[in-house]
Number of protein chains: 2
Amino acid sequence: MAARASHKTSESSDKVSVICRALRRAIIEQALEPGAKLPEDSLGERFGVSRTIARHALGQLAAEGLVELRRNRIAVVATPSWQEARDAFDIRIQLEGLVVRQLAGKLTKSQIAELNDHVDAEDRTRGGTDAVSIRLATEFHILLAQMTSSPILVRYVSEVAYRCCLTLSLYSRPHSTECAINEHRAIIAALAKGDGAKVMDLMHHHLDSVASRALVAPAPQRGRDLLDILAPYADEATSDRVVKLPKVARR
Amino acid sequence: MAARASHKTSESSDKVSVICRALRRAIIEQALEPGAKLPEDSLGERFGVSRTIARHALGQLAAEGLVELRRNRIAVVATPSWQEARDAFDIRIQLEGLVVRQLAGKLTKSQIAELNDHVDAEDRTRGGTDAVSIRLATEFHILLAQMTSSPILVRYVSEVAYRCCLTLSLYSRPHSTECAINEHRAIIAALAKGDGAKVMDLMHHHLDSVASRALVAPAPQRGRDLLDILAPYADEATSDRVVKLPKVARR
DNA sequence: GGCGCTCCAATTGCATGCAGTTTGGCGCGC
DNA sequence: GCGCGCCAAACTGCATGCAATTGGAGCGCC
């Protein structure tokens, strides 16, 4: 039936969005870790486009919070602070709460089937790499959001879900995905039953447990941005025991 | 105190974001109405930059949903369909619900003073133009969001609030801002008192009334995109009473 | 008058070029 | 050995140029 035109807002389908999608996926699958450098040249070369286009793509990703752009500096995959990661998960919990509240009892049979199929796919990758299971788990949440048929909600949930993926490689320890899959199934069941309160509770706890596994330590030892790490010591800068800091070995 | 570096995510402070801010403001004040054309050349000339930069800015605004970008076509200020406008308001109501729930009873005295100052400013513009009062009213909501100190929430609330402004010029009739101001005051009072349920209710009704005044008619006569208008008739395309349509007078 | 056609100005899509900034490594003095 | 400064390579910021596409005016034909 020729879905005319498709999205009219963003993601036109030009080369820019191709690059965006590729990078998003690379990030979500942790092929690109936080802090990874993204020089315009290399991107352009890799995707067969000029720097102009690569640059534009980086701009879009920066707007989504996946990439950090600092003037005259190489773009890098975003490295959220622990605070920012916490924020992302908090907002995510609330947003997805809205999603399931809106969806409870409203799903058609075919939608429920689609969700179950997706979780089956998650199940099948249990032996596979982490990369794929993380991606599928994330896509499950995006799939839910899409069923609200609210484009805005879809966008926000996607964005914040991607950001949360980012933090996984930063602060989390290798985790088992099994419980997540079971929780996904439980959520589908509650949605089908139309138990709004139950499903909100389930989603809340599901994301909460993901968050608590993802954000194990508030003190990221490999955390970057020295300036932030040193902030607590700044007040004592005038003390007599000043540690002589060299230019600061930024890397 | 030199607020070091500022936002590290988007809005670097380069020429691109200057243009973005200018356009956002022009849109919010309805100097640029939905559908207004935004040729890269003109923008570049107007802001003293090259097309490259203007283009980049348009890309950012498109990502925020304020601008529509279609391949090989002049960018235009977004013209949300009634459906999309409804969606924006729905999400906005929910997002701002999250904001006030989080804020109830948690505001400091100085924050409350800041809010009151803002509403005073709104009050003072009662005689002024609509443009300014709409902007101030919107900024009140963004100010609230900022007090959550959740950058993500701030961004989403801002975005969706801007989008709602867009629909004002499309579907709304000239309105009085007085009640809005009173409602703002009531919200502040309830926030100060820490009555979470009450303030969520107030905010909900406040935005609901704004929405119902903004979205008076589901049938935008000046709505563009003829194809959408004609969609309901599409099924009868094979009927014998076919209205002979010319190529479609797109403007 | 309405309809279709052609052609041209306007506009976008994209690559490239140049200037300015940052990075990191090398050598020099201590 | 260690720190410091300098320099070249790498990279970004941005403007400009060229090809491709669009849309609309003009014009002939029915």
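What you see below is based on every heavy atom in this structure, not just the backbone, and it leaves out hydrogens, waters and symmetry mates. Order of the sequence lines sets the chain letters (A, B, ...), proteins ahead of strands, with each chain counted from 1.
Between His56(B) and His56(A), the two ring planes are perpendicular [angle over 60°; tilted spans 30° to 60°].
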Protein-nucleic acid N or O pairs under 3.5 Å, nucleotides 8-11 of chain C:
none

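dC14(D) atom P lies 15 Å from atom CZ of Phe47(B), rounded to whole Å. Nucleotide dT12(D) holds its C1' atom 14 Å from the CZ atom of Arg70(A), rounded to whole Å. Arg55(A) has its CZ atom 17 Å from the P atom of dT16(C), to the nearest Å. The separation between His56(B) atom NE2 and dT12(D) atom P is 13 Å, rounded to whole Å. Residue Glu68(A) contributes atom CD, which lies 15 Å from atom P of dT12(D) at whole-angstrom precision. In this structure, the CG atom of Leu43(A) is 16 Å from the C1' atom of dA15(C), given to the nearest Å.
A distance-only check finds a donor-acceptor pair linking the side chain of Thr79(A) to the backbone of Gly35(A) [under 3.5 Å].
Screening Arg163(B), Arg24(B), Arg21(B) against Glu64(B) for a salt bridge (Lys or Arg N to Asp or Glu O under 4.0 Å) leaves a single residue, Arg24(B).
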Apply side-chain contact (heavy atoms from CB on, under 4.5 Å) to residues Gln146(B) and Glu114(B) and explain how you reach the verdict. CA-CA 12 Å; Gln146(B) 282 170 341; Glu114(B) 194 178 352; over 6 Å; no
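Rounding to the nearest 0.5 Å places CG of Leu207(A) at 5.5 Å from CD1 of Ile93(A). For the atom pair Ile152(A) CD1 and Asp90(B) CG, the distance stands at 9.0 Å (nearest 0.5 Å).
Place Thr52(B) and Leu38(B) on DNA chain C by their nearest nucleotides, and Leu38(B) ends up nearer the 5' end.
Neither OP1 nor OP2 of dT12(D) sits under 4.0 Å from any side-chain N or O of Arg71(A).
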